[in-house]
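Below is a structure I'd like to ask you about.
Numbered from 1 within each chain, the chains take letters A, B, ... in sequence-line order.
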Amino acid sequence: MDIAIFINFIYIISCVLFAFGLKMLGSPVTARKGNILSMSGMLLAVVVTLLSREVISFQWVALGVVMGGAAGLFTATRAKMTQMPETIALLHGFGGLGSMLVDWHAYHVHPTNSLIVSIPIYLSIFIGGVTFTGSCIAWGKLSERLPGKSIKFPGMQFVNIAVLGALLVLGFIFLSDPLHHYPIFLAIVVLSLIMGVLLVIPIGGADMPVVISVLNSYAGLVACTTGFVIHNTVLIVVGALVGANGIILSIIMCKAMNRSLANVLFGGFAPTVKAKAAGEKKEAKSMSVEDAFLVLEAAKSVVIVPGYGLAVAQAQHAVRELSELLEKNGAEVRFAIHPVAGRMPGHMNVLLAEANISYDQLYEMDVINPTMDTVDVAIVIGANDVVNPAARSDKSSPIYGMPIIDVDKAKTVFVLKRSMATGFAGVENELFYNENTAMIFGDAKQTLQSLVSEFKASAAA
Amino acid sequence: MDIAIFINFIYIISCVLFAFGLKMLGSPVTARKGNILSMSGMLLAVVVTLLSREVISFQWVALGVVMGGAAGLFTATRAKMTQMPETIALLHGFGGLGSMLVDWHAYHVHPTNSLIVSIPIYLSIFIGGVTFTGSCIAWGKLSERLPGKSIKFPGMQFVNIAVLGALLVLGFIFLSDPLHHYPIFLAIVVLSLIMGVLLVIPIGGADMPVVISVLNSYAGLVACTTGFVIHNTVLIVVGALVGANGIILSIIMCKAMNRSLANVLFGGFAPTVKAKAAGEKKEAKSMSVEDAFLVLEAAKSVVIVPGYGLAVAQAQHAVRELSELLEKNGAEVRFAIHPVAGRMPGHMNVLLAEANISYDQLYEMDVINPTMDTVDVAIVIGANDVVNPAARSDKSSPIYGMPIIDVDKAKTVFVLKRSMATGFAGVENELFYNENTAMIFGDAKQTLQSLVSEFKASAAA
Amino acid sequence: MDFIYLLFILALSVFLGFVIISRVPPLLHTPLMSEANAISGITLIGALIAAGSETDHTFTVILATAAVAFTTYNVVGGYFITEKMLKMFKKKGQ
Amino acid sequence: MDFIYLLFILALSVFLGFVIISRVPPLLHTPLMSEANAISGITLIGALIAAGSETDHTFTVILATAAVAFTTYNVVGGYFITEKMLKMFKKKGQ
Ligand SMILES: NC(=O)c1ccc[n+]([C@@H]2O[C@H](COP(=O)([O-])OP(=O)(O)OC[C@H]3O[C@@H](n4cnc5c(N)ncnc54)[C@H](OP(=O)(O)O)[C@@H]3O)[C@@H](O)[C@H]2O)c1
Ligand SMILES: NC(=O)c1ccc[n+]([C@@H]2O[C@H](COP(=O)([O-])OP(=O)(O)OC[C@H]3O[C@@H](n4cnc5c(N)ncnc54)[C@H](OP(=O)(O)O)[C@@H]3O)[C@@H](O)[C@H]2O)c1
């Protein structure tokens with residue numbers, strides 16, 4: 001059999017393995033096996049590719065694989081669970097850069113005037129460049145190496161439009177005669193890299209998760225277009241799968257935040273912090289850890305709502321200890337996970353899993369809300385916007401319509417945060433002033449640890 | 001643009017429409033739209049095909065389309081809901097025949113020695129032939145034009161093996177030199193048709209639904225292989241979708257009957273009717289319609305379990321009337337649908353839908369079983385095997401392990417059937433002798449109509 | 001290479017088929033079967049090309065015309081029966 | 001025709017992607033993202049062909065070797081991080 005046919009046959013198997021891998025991520029029971037299937041698909045694809053006739057020397061391949069592989073292993077072993085968002089952003093960025101270089105190489109070695117090849121080359125460079133620098137900025141913001149705030153400068157919109165316009169115009173010129181426009185090609189490379197920076201710097205740090213998942217779909221797109229450049233089916237299949245993934249996750253996040261994708265990417269979300277009717281402002285009740293302990297000791301049903309603040313305080317291990325003590329004390333403990341709680345979609349689940357909390361204790365919003373009125377105590381830990389009842393009732397609120405966890409329906413609500421400050425959306429939270437709400441001020445980790453010692457002391461006594 | 005590229009581009013759209021159509025069949029709300037999408041996909045594919053360069057004359061196309069279309073419309077409008085299984089079998093059969101003729105035509109007009117084309121031709125003829133005659137026999141059995149019983153003759157197994165062997169041997173000869181083996185080709189055609197008959201006549205009428213869905217996957221296979229013969233991508237995509245459908249439905253049915261596919265297709269299911277411990281046989285209680293009415297009038301929660309007998313008695317409209325009267329009387333009425341109740345998968349749902357019963361009153365077995373002990377009256381109408389508790393408890397029973405509807409856990413059970421006769425599996429049913437079970441003998445439709453008049457009379461009084 | 005592309009398309013479609021079909025609830029299994037039946041008549045496309053390229057040869061004209069008729073029968077009958085069933089599925093109050 | 005086959009494959013894959021991904025529960029969205037990230041490094045295949053066909057020209061050697069390194073980084077890092085996350089998901093008593 002012709003070796004090219006054999007290779008493509010194996011590619012089919014690889015694609016099926018990739019698809020199966022993603023499908024098995026549909027359940028925590030099969031997810032790990034899915035990841036291993038996917039790895040085997042990748043290994044197969046890599047090995048048969050090295051058998052192809054075009055591959056005649058191995059020294060550069062070996063060099064690249066060793067360097068990249070070592071760096072990848074290093075990054076993966078060092079990354080903490082709280083650092084997942086920035087780590088994924090970083091990997092994305094280099095993936096985008098790598099794809100861009102593949103296309104550049106293809107163009108350099110086999111330049112052609114065929115539009116069927118040169119349009120995909122242009123698109124790959126453009127999208128790959130944006131993915132690379134965009135991801136780097138996202139990485140910087142998430143890891144706090146860059147200021148998290150939205151960065152804007154006067155006339156920024158004009159610069160953006162100028163760069164985009166230049167990219168389009170240069171694109172047309174390039175495509176008119178790709179064989180003889182190497183300088184224009186280089187200009188496109190540079191402008192794409194600039195474009196990536198310009199697109200991401202004005203977006204605030206808290207919106208980075210959406211940016212990552214949009215960049216994820218870009219990475220998919222680049223794989224697809226590169227597939228068209230080098231006529232490779234696996235790249236097209238995988239690119240499509242990844243593209244779909246990025247789009248779906250972005251949409252889910254935007255829905256959960258009740259904003260449009262356009263608003264996240266270009267809007268810059270101007271929070272309208274109008275504390276309405278400040279005159280009749282009620283006092284929020286504050287409670288001591290000792291009193292809170294007494295209430296918790298009597299509770300039969302507890303729901304814990306973790307938020308961004310829990311991740312910031314790194315309180316996931318403390319919360320697990322508390323939940324175990326509560327259970328020992330006879331209470332049923334459930335965790336209510338809001339889709340955009342934490343720093344990226346599903347991030348809260350990973351953090352709690354890291355702290356050894358069983359995943360069948362983690363409930364989605366829609367499952368827990370109908371049972372909320374039977375709950376004795378709801379403990380809100382470092383969450384704010386995702387439990388703000390204004391989203392249900394106050395049409396003038398910027399978060400109106402965002403689905404929330406209805407903690408206010410529980411018999412008692414404890415809110416663990418450091419101050420009365422607002423959350424990411426910058427909106428006042430009526431919940432804090434409710435009759436049945438008690439604030440427990442302080443760093444989430446410290447408060448939880450104090451609660452834990454109260455429980456231990458009472459058990460020892 | 002080249003017309004062939006344009007056509008293939010439209011084919012892509014058609015395929016997406018077909019896939020979307022099937023996906024939308026996932027919910028009764030979108031199902032009709034899905035069917036219309038699928039139709040549009042077909043229309044698009046047909047129209048662009050007529051634009052292709054190969055099509056130079058239209059008179060034969062027109063003749064075929066008009067004849068086939070008229071016959072299709074006629075069949076569709078005449079078919080009653082109870083006749084769905086045989087109607088689908090018939091349509092299948094002719095589809096298989098049509099595909100077979102396409103391949104025959106391809107072979108006749110462009111015979112070739114390329115194995116990449118002639119292997120698919122051989123497979124198409126083989127599977128297409130089996131699909132055609134097999135479906136015809138299934139149609140005959142289901143519509144009772146042929147005896148429903150398993151038909152076997154002495155030495156049948158040898159004949160089967162001989163025919164299959166001949167098909168394989170002739171296949172090898174044919175493939176060795178397709179250009180010069182027209183007579184062998186014809187022999188393959190004839191033997192395939194015979195094979196279809198031989199495969200289906202030994203299977204009992206009640207197993208026909210499995211046969212239909214296996215034939216469904218064969219029809220898909222033929223479309224695929226034909227796609228490879230005439231190099232047509234839509235055929236391959238659609239064939240794969242249909243093939244997957246047939247396989248999944250066959251597996252679901254076999255699981256619900258607790259038998260293997262091999263047992264259904266080749267086993268001939270020998271029921272072991274050993275009424276064990278006939279000595280201590282208890283008497284089944286029989287109840288009059290009047291007494292049953294009094295019990296039902298007091299019931300607050302009623303579950304109706306329809307079976308094959310309800311379809312035979314055509315009692316779907318009577319059961320709807322009864323359920324409405326029960327609801328008017330303040331009872332909550334739910335229908336529990338077993339996956340293999342009726343004559344084909346999902347058939348019971350169609351029959352009840354035809355009688356205007358809302359589909360949100362129809363519950364799957366797994367949903368209704370956990371709530372069964374809160375049910376006042378379970379009315380079993382023409383069902384037997386699917387409510388036999390021996391499947392749960394009696395390891396020696398041939399239906400042991402088959403999932404059943406746990407009506408015996410309800411406070412009172414009414415069984416509407418004509419006699420103490422066994423159901424399809426030929427197994428005694430302990431349920432009938434239970435303390436809380438009452439038999440109401442008679443044709444299901446008549447019994448239901450009597451119950452309805454009782455209710456009406458009491459309302460009038 | 002054509003052949004390998006067709007195999008690729010086959011593999012993806014089989015996967016897609018399994019994923020989509022396994023999500024259809026038992027409630028709709030009968031319409032699903034007849035829908036699948038209808039689309040399996042897609043070989044009509046092959047029949048159309050066969051019949052449309054015919055002019056003179058009697059035997060192949062018969063083959064091709066019959067193929068068109070039978071597959072059209074399958075497609076039209078299948079779709080209309082599906083439609084007939086689906087339009088009966090109603091929720092209370094609809 | 002090659003191009004149209006590739007388009008076909010693209011369309012099917014996009015559809016398949018949407019069907020599969022929309023079924024992954026929010027519980028696993030972070031690992032899903034990093035898994036997708038890992039497989040998006042599939043352009044490694046293209047990089048391998050580029051680097052393997054190189055012998056002399058310095059500039060293209062650098063391009064190709066860098067492409068291999070970066071995409072390998074993406075693939076290896078992505079898979080191992082996914083593995084690291086997934087192995088933490090446990091049910092009580094496991
Ligand atoms: N997850 C995603 O994918 C995603 C993506 C984009 C945007 N977002 C946005 O992020 C927000 C997430 O909502 P959320 O309720 O989880 O968070 P949030 O509304 O941003 O509130 C977090 C709260 O945690 C408290 N906090 C911070 N550090 C703390 C510490 N060390 N100890 C105790 N409390 C601490 C802060 O109050 P103090 O300062 O008073 O302590 C703050 O009010 C939403 O508005 C969502 O739209 C999420
Ligand atoms: N649906 C499928 O896809 C499928 C496929 C293959 C096999 N099967 C098999 O078919 C069986 C289906 O189970 P099932 O419980 O629905 O049916 P069943 O066990 O076959 O019992 C049907 C009962 O209906 C009664 N009956 C017949 N005509 C009646 C009438 N006019 N009025 C009242 N009662 C009447 C019969 O009893 P009397 O004679 O005493 O009236 C019979 O016991 C299972 O064994 C299953 O494995 C189903």
Under 4.5 Å, counting heavy-atom pairs only, tell me which of A:Phe58, A:Phe74, A:Phe18, A:Phe94 racks up the most with chain D.
A:Phe94

Do A:Asn8 and A:Thr233 touch side chain to side chain, with heavy atoms closer than 4.5 Å?
yes

Sort A:His347 into side chain, backbone, both or neither according to what part of it lies under 4.5 angstrom from a heavy atom of chain D.
both

Using heavy-atom distances under 4.5 Å, tell me whether A:Val109 contacts chain D through its side chain, its backbone, both, or neither.
side chain

Please determine, among A:Ser38, A:Ala71, A:Gly93, A:Ser213, the option with the most heavy-atom pairs under 4.5 Å with chain D.
A:Ser38

Are side-chain heavy atoms of A:Asn349 and D:Leu28 found at a separation under 4.5 Å?
no

Keeping the roles fixed (side chain from D:Lys84, backbone from A:Ala76), state whether a donor-acceptor pair exists under 3.5 Å.
yes

Contact part of A:Leu73 toward chain D, heavy-atom cut-off under 4.5 Å: side chain, backbone, both or neither?
both

Could you measure the distance from the OG atom of D:Ser53 to the CD1 atom of A:Ile56? Nearest 0.5 Å is fine.
6.5 Å

Answer whether the closest heavy-atom distance between the side chains of A:Ile247 and D:Phe18 falls below 4.5 Å.
yes

Does the pair D:Met88 and A:Met81 meet the rule for a side-chain contact (heavy atoms from CB on, under 4.5 Å), with working shown?
CA-CA 10 Å; D:Met88 293 178 332; A:Met81 287 305 137; 3.6 Å; yes

For chain D, which of A:Ile248, A:Asn35, A:Ile212 has the most heavy-atom pairs under 4.5 Å?
A:Asn35

Side-chain donor/acceptor of A:Ser99 to backbone N/O of A:Gly95, under 3.5 Å:
yes

At a heavy-atom distance under 4.5 Å, which candidate from D:Thr60, D:Leu86, D:Asn74, D:Thr30 has the highest pair count against chain A?
D:Thr30

So for D:Leu12, is it side chain, backbone, both, or neither that comes closer than 4.5 Å to the heavy atoms of chain A?
neither

Examine whether an atom of D:Val14 lies under 4.5 Å from a heavy atom of chain A, and if so say whether it belongs to the side chain, the backbone or both; otherwise answer neither.
both

Would you call the rings of D:Phe59 and A:His108 parallel, tilted or perpendicular if under 30° counts as parallel and over 60° as perpendicular?
tilted

Residue part contacting chain D, namely of A:Leu50, when any heavy atom lies under 4.5 Å:
side chain

Please identify, among A:Thr75, A:Leu241, A:Val238, the residue contributing the most non-hydrogen atom pairs under 4.5 Å to chain D.
A:Val238

Can you say whether D:Glu35 sits under 4.5 Å from chain A via the side chain, the backbone, both, or neither, judging by heavy atoms?
side chain

So for D:Ile20, is it side chain, backbone, both, or neither that comes closer than 4.5 Å to the heavy atoms of chain A?
side chain

Please report the interatomic distance CD1(D:Ile42) to SG(A:Cys15), rounded to the nearest 0.5 Å.
7.5 Å

Tell me, side chain or backbone of A:Asp103 under 4.5 Å from chain D's heavy atoms, or both, or neither?
neither

Do you know which of D:Val19, D:Leu10, D:Ile9, D:Thr71 has the most heavy-atom pairs under 4.5 Å to chain A?
D:Leu10

Does a sphere of radius 6.0 Å around OH in A:Tyr218 hold more than 12 heavy atoms from other residues, nucleotides or ligands, not counting ones at 6.0 Å or beyond?
no

Would a 4.5 Å heavy-atom cut-off, applied to side chains only, mark A:Phe228 and A:Ile116 as touching?
no

Chain D contact residues among residues 24-33 of chain A, heavy-atom distance under 4.5 Å
A:Leu25, A:Gly26, A:Ser27, A:Pro28, A:Ala31, A:Arg32

Interatomic distance, OG1@D:Thr43 vs CG@A:Asn232, rounded to 0.5 Å, equals 10.0 Å

Heavy-atom pairs under 4.5 Å with chain A, option from D:Val76, D:Ile81, D:Thr72, D:Asn37 with the top count
D:Asn37

So for D:Phe15, is it side chain, backbone, both, or neither that comes closer than 4.5 Å to the heavy atoms of chain A?
neither

Please tell me if the side chains of A:Phe335 and A:Leu362 come closer than 4.5 Å, counting only heavy atoms from C-beta onward.
yes

Any heavy-atom pair between the side chains of A:Ser124 and A:Met100 that's under 4.5 Å?
no

Step by step, work out the side chain to side chain donor-acceptor pair (under 3.5 Å) result for D:Thr82 and D:Ser34.
CA-CA 6 Å; D:Thr82 312; D:Ser34 76; 2.8 Å; yes

If you count heavy-atom pairs within less than 4.5 Å of chain D, which of A:Ala219, A:Gly69, A:Gly96 leads?
A:Gly69

Greatest number of heavy atom pairs closer than 4.5 Å to chain A - which of D:Ala69, D:Ser22, D:Gly17:
D:Ala69

Out of D:Val68, D:Val24, D:Leu16, D:Leu63, which one racks up the most heavy-atom pairs below 4.5 Å with chain A?
D:Leu63

With a 4.5 angstrom heavy-atom cut-off, could you sort out which part of A:Phe132 is near chain D: side chain, backbone, both or neither?
neither

Can you see which heavy atom on A:Leu101 is nearest to which on D:Ala66, and at what distance?
CD1-CB, 3.6 Å

Is A:Asn245 in contact with chain D via its backbone, its side chain, both, or neither, using a 4.5 Å heavy-atom distance?
both

Does atom CZ of D:Arg23 have more than 12 heavy-atom neighbours, drawn from other residues, nucleotides or ligands, at distances under 6.0 Å?
yes

Interchain contact, D:Ala38 with chain A, by part (heavy-atom threshold 4.5 Å)
backbone

Proximity breakdown for D:Leu44 and chain A, heavy-atom pairs closer than 4.5 Å
side chain

Who wins among D:Phe80, D:Phe70, D:Tyr79 for the most heavy-atom pairs under 4.5 Å with chain A?
D:Tyr79

Decide yes or no for A:Tyr359 and A:Leu352: does some side-chain heavy atom of the first lie under 4.5 Å from some side-chain heavy atom of the second?
no

Spatial distance of atom CG (D:Leu32) from atom CG (D:Leu27) [nearest 0.5 Å]
11.5 Å

Please tell me if the side chains of A:Val229 and A:Tyr107 come closer than 4.5 Å, counting only heavy atoms from C-beta onward.
no

Short side-chain to backbone donor-acceptor contact, A:Gln361 and A:Val333, under 3.5 Å
yes

What residues of residues 82-89 of chain A make heavy-atom contacts with chain D at a cutoff under 4.5 angstrom?
A:Met84, A:Thr87, A:Ile88

N/O donor-acceptor pair under 3.5 Å between D:Thr65 side chain and D:Ile62 backbone
no

Chain D contact via A:Ile252 - which portion, at a heavy-atom distance below 4.5 Å:
side chain

Could you tell me the separation between the CD1 atom of A:Ile7 and the CZ atom of A:Arg53, rounded to the nearest 0.5 Å?
8.0 Å

Which of A:Glu364, A:Met348, A:Met67 touches chain D most, by non-hydrogen pairs under 4.5 Å:
A:Glu364

Chain D heavy atoms under 4.5 Å from A:Pro345: which part of the residue, side chain, backbone, both or neither?
both

